[in-house]
Number of protein chains: 2
Amino acid sequence: MVSLTPRAERLLKALIEQYIADGQPVGSRTLVKQAGLEFSPATVRNIMSDLEELGLIRSPHTSAGRVPTERGYRFFVNTLLAAKPLHSIDLAHIEDRFQSEQDPQQLLESASGLLSQITKLAGIVRVPRRTYAEFRQLDFLGFSADRVLVILVTHDGQVLNKVIHPKRPYSPAELQEAANVFNSAYAGRTLEEVRQSLLVALERDSEDMQKMLRSAVEMAHQVFTGDQAQEPPLFVTGESNLFAFPELSNTDRLKRLFDAFTAKQDLLHLLDQSMASQGVQIFIGAESGYDALEACSVVTAPYEVDGHIVGTVGVVGPTRMSYDRVISIVDVTARLLSGALSHGGSGSRDPAPA
Amino acid sequence: MVSLTPRAERLLKALIEQYIADGQPVGSRTLVKQAGLEFSPATVRNIMSDLEELGLIRSPHTSAGRVPTERGYRFFVNTLLAAKPLHSIDLAHIEDRFQSEQDPQQLLESASGLLSQITKLAGIVRVPRRTYAEFRQLDFLGFSADRVLVILVTHDGQVLNKVIHPKRPYSPAELQEAANVFNSAYAGRTLEEVRQSLLVALERDSEDMQKMLRSAVEMAHQVFTGDQAQEPPLFVTGESNLFAFPELSNTDRLKRLFDAFTAKQDLLHLLDQSMASQGVQIFIGAESGYDALEACSVVTAPYEVDGHIVGTVGVVGPTRMSYDRVISIVDVTARLLSGALSHGGSGSRDPAPA
DNA sequence: CCTGGCACTCTCACTGTGTGAGTGCTAAGA
DNA sequence: TCTTAGCACTCACACAGTGAGAGTGCCAGG
């Protein structure tokens, strides 16, 4: 990374803060006045010239002021930024909301909503993969000769359901029996483990399985394979906040951005990426690697359930955002969410039958 | 309604069609050329003048051509429009998609997706109110001393679930027993009926109820009251198609429109309104009564399950849309959806346990 | 090394101008 | 009485020119 003189750093910091505040290219004189610098505009111009050579700032045109480049933002975020403690009102707001929410899914959706409300940007939340959830039980409900509703419940109270079409009709008693056998065989393992065993079980010769279990396995397998598509793995909230930013108001850019929000594919990859490491991560402009996020930055932080990272919360906004504010909001939200999901709130722990 | 000379009608029709086709105000000369009229531009101007007096068309400014007013569109739609038969490729496309889809919820989402794909506008689908669904069964699953997962299944295979917090701990056996009692008491009635009975039952002195049923009622009541918020009552797809229309490209207008898509409140009212009557309904511009839909038209058609109207499909786009095309697409989609939901597809009918 | 001064550049807002599209009106023709 | 050709008129739009303002780069002196 480039190293700058303390003065240049101070200048760059002031410039970026000023630009973030009002979105106008900032000139030497304004900068001296606004930041209360003790040297003259001319000196500032010299330093700016250096910064421009380093690729940290640039001039939209000759007689405009300077604007940070993505590289400039990156430097700013890496070395100049002092995380700003969160306003206590916001903090209380988040805590309140998490306290009153029960259902883990709703908790996640709330988190996304809160992020977008507080930051006035778009909030995103990566829902935990169900693969790692623990299987609890499964029920088969016959609806007609060829339609059976399968309901799958995980240890943490998530419910999946799917209508499947068995090869032959089953009586209610048979279905009940099949569920019982299946449940005692698989309860307590993760969904992924169950899925794997099902695959193996199906490949093996059916002789060595009880007839009932075989049916159960076949039907359950249908649920497990259809799994992914079933529910949104990602919450996006407050997209329309982004209309407020002139730098994004280009219709074409907006369309691509909104398409990305709908398709979710790219965002998902990005969030999965950021699950790999602890703490807040920031993708500035092209760093995300997705065209749709061209003039945008994404700030993310993973959240945990009982000490394991299971998902990510984050915020999407224009590169010109108050990183200090946003970073602490995202950070705190991730922490509080982890807390709410882990202990009392709901989300896990032994289902002691009282 | 105003009545016009046949010539004026012909002219108005040609003008609106021309305007829908390319979005430019249309002048007398272009109109003569494009529509192959056998009278001169001057005559056209005279007629246009009449139409303008009647409020059917207007001039954005002195030297521009004419543009239809909302009233003009309304007249056009009411009396000049010949419904255009649907392109057979589109028809096949819809049928295919409905055929391959099983789950009623997914079927509805598909319908919305199809509408937006084919019309290149935003598709909306009003999901049936669950209130009229028939109650089938309910299960209580204890997760911890103070958390019980309630799973409710309707006759048509929908699954609702909610975590509730009972007043005292229950053993698994108690929960099982409570569910049994509850199910035999209420199976086969509509959710609304069940909700009503629950209210009554709770008000009555608890003495005359079995202890078990009382608990079941209290817990079930929690599920029934939390019902509405649980799932989206409305699917919206392809919103980003609307970016393509210059008449909507005003950022402020777009924001309001997208907020309406997110809040869903207004759209819901509109769709509920259109459930009252059979067949395609069209709301042009201000007719919808919602500011957010200012320069937009909404085309809707109710769909049925077993002869009863239960929801609405529709399309939102700029007032300048190909009404003939859109109307038939919406109409056909509603019909095919009704079919898919009613017979084989899924959606209803006796759950013969085979 | 800093700074004041100065010439220079470029955007932006404003103004004026010409052109093209389209209108309304009038008077002549069917 | 209805239609049409002709004509004067209006207006948006694109284009060029202008002046002000903001900001820069560079140079020479402290």
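In the text below, chain A, chain B and the rest are named by the order of the sequence lines, each starting its count at 1.
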Undergrad: Which part of the nucleic acid does B:Ser59 contact within heavy-atom distance under 4.0 Å: base, sugar-phosphate only, or nothing?
TA: nothing
Undergrad: Between atom CD1 in B:Ile57 and atom P in C:dT23, what is the gap in whole Å?
TA: 9 Å
Undergrad: Within this structure, what is the CD1-to-P distance between B:Ile47 and C:dT23, rounded to whole angstrom?
TA: 12 Å
Undergrad: Picking from D:dT4, D:dT10, D:dT3, which would you name as closest to the side chain of B:Arg7?
TA: D:dT3
Undergrad: For the helix from C:dC1-D:dG30 to C:dA30-D:dT1, how many degrees between its two end axes (five pairs per end), to the nearest 10°?
TA: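 Inter-axis angle at the termini of the helix from C:dC1-D:dG30 to C:dA30-D:dT1: 20°.
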Undergrad: Compute whether any side-chain donor of one residue and acceptor of the other, for B:Glu9 and B:Thr5, lie under 3.5 angstrom apart.
TA: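 No, no side-chain donor-acceptor pair sits under 3.5 Å.
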Undergrad: What is the distance, to the nearest angstrom, from the CG atom on B:Leu11 to the C1' atom on D:dT3?
TA: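 Whole-Å distance recorded here is 15 Å.
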Undergrad: For A:Glu52 and D:dG23, give me the distance from atom CD to atom P, rounded to whole Å.
TA: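 Distance, rounded to whole Å: 15 Å.
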Undergrad: Establish, yes or no, whether the cationic atom of A:Arg7 lies under 6.0 Å from the six-membered ring centre of A:Phe39 and within 45° of the ring axis.
TA: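 Judged by the rule, A:Arg7 and A:Phe39 form a cation-pi pair.
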Undergrad: Which listed nucleotide (D:dC11, D:dT4, D:dG6) is nearest to the side chain of B:Arg45?
TA: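 Comparing D:dC11, D:dT4, D:dG6 against the side chain of B:Arg45, the answer is D:dG6.
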Undergrad: Let's see if you can work this out: which of D:dT24, C:dT3, C:dG20 has an atom nearest to the side-chain heavy atoms of A:Ser40?
TA: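 Ranking D:dT24, C:dT3, C:dG20 by closest atom to the A:Ser40 side chain puts C:dT3 first.
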Undergrad: Out of the candidates A:Val298, A:Val313, A:Leu115, A:Val315, only one should pair with A:Ile124 under the side chain to side chain contact (heavy atoms under 4.5 Å, CB included) rule; please name it.
TA: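 The option that passes is A:Val298.
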Undergrad: Output the rounded distance in Å from CG (B:Asp50) to C1' (D:dC2).
TA: 13 Å
Undergrad: As a test of reading the structure: which of D:dT4, D:dG23, D:dT10 is closest to the side chain of B:Phe39, going by heavy atoms?
TA: D:dT4
Undergrad: Whether the side chain of B:Ser63 and the base of D:dC11 hold a donor-acceptor pair under 3.5 Å is what I'd like checked.
TA: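 Result: at least one qualifying N/O pair found.
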Undergrad: Quickly work out the B:His61 NE2 to C:dG24 P distance and round it to whole Å.
TA: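 After rounding, the gap between these two atoms is 13 Å.
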Undergrad: Side-chain contact, heavy-atom cut-off 4.5 Å: B:Pro318 with B:Cys296?
TA: no
Undergrad: Distance check: side-chain N/O of B:Thr30 vs OP1/OP2 of C:dA21, anything under 4.0 Å?
TA: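 Answer no for this pair, as no side-chain N or O of B:Thr30 is under 4.0 Å from OP1 or OP2.
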Undergrad: Is the distance from OP1 or OP2 of D:dT24 to the nearest side-chain N or O of A:Arg66 less than 4.0 Å?
TA: yes
Undergrad: Any donor-acceptor pair under 3.5 Å linking the side-chain atoms of A:Thr237 with those of A:Ser116?
TA: no
Undergrad: On the 0 to 90° scale, with breaks at 30° and 60°, tag the B:Tyr323-B:Tyr73 ring pair as parallel, tilted or perpendicular.
TA: tilted
Undergrad: Give one of base, sugar-phosphate or nothing for A:Ala42, where a contact means two heavy atoms less than 4.0 Å apart.
TA: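 Counting heavy atoms under 4.0 Å across all strands, the contact made by A:Ala42 includes a base.
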Undergrad: Let me know the distance between CE of B:Met48 and C1' of C:dT23, rounded to the nearest Å.
TA: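 For the pair B:Met48 CE and C:dT23 C1', the rounded distance is 10 Å.
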Undergrad: Among side-chain atoms of B:Glu53 and B:Ser49, is any donor-acceptor pair under 3.5 angstrom?
TA: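 Side chains of B:Glu53 and B:Ser49: no pair found under 3.5 Å.
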Undergrad: From the set D:dG25, C:dT23, D:dG21, return the single nucleotide nearest to any side-chain atom of A:Ser49.
TA: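 Nearest nucleotide to the side chain: D:dG25.
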Undergrad: Within this structure, what is the CD-to-P distance between A:Gln24 and D:dA22, rounded to whole angstrom?
TA: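 Checked: the CD to P distance equals 13 Å.
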Undergrad: Looking only at the aromatic ring of each residue, does the gap between the centers of B:Phe76 and B:Tyr19 stay below 6.0 angstrom?
TA: no
Undergrad: Closer to the 5' end of DNA chain C via nearest nucleotide, is it B:Gly27 or A:Thr43?
TA: A:Thr43
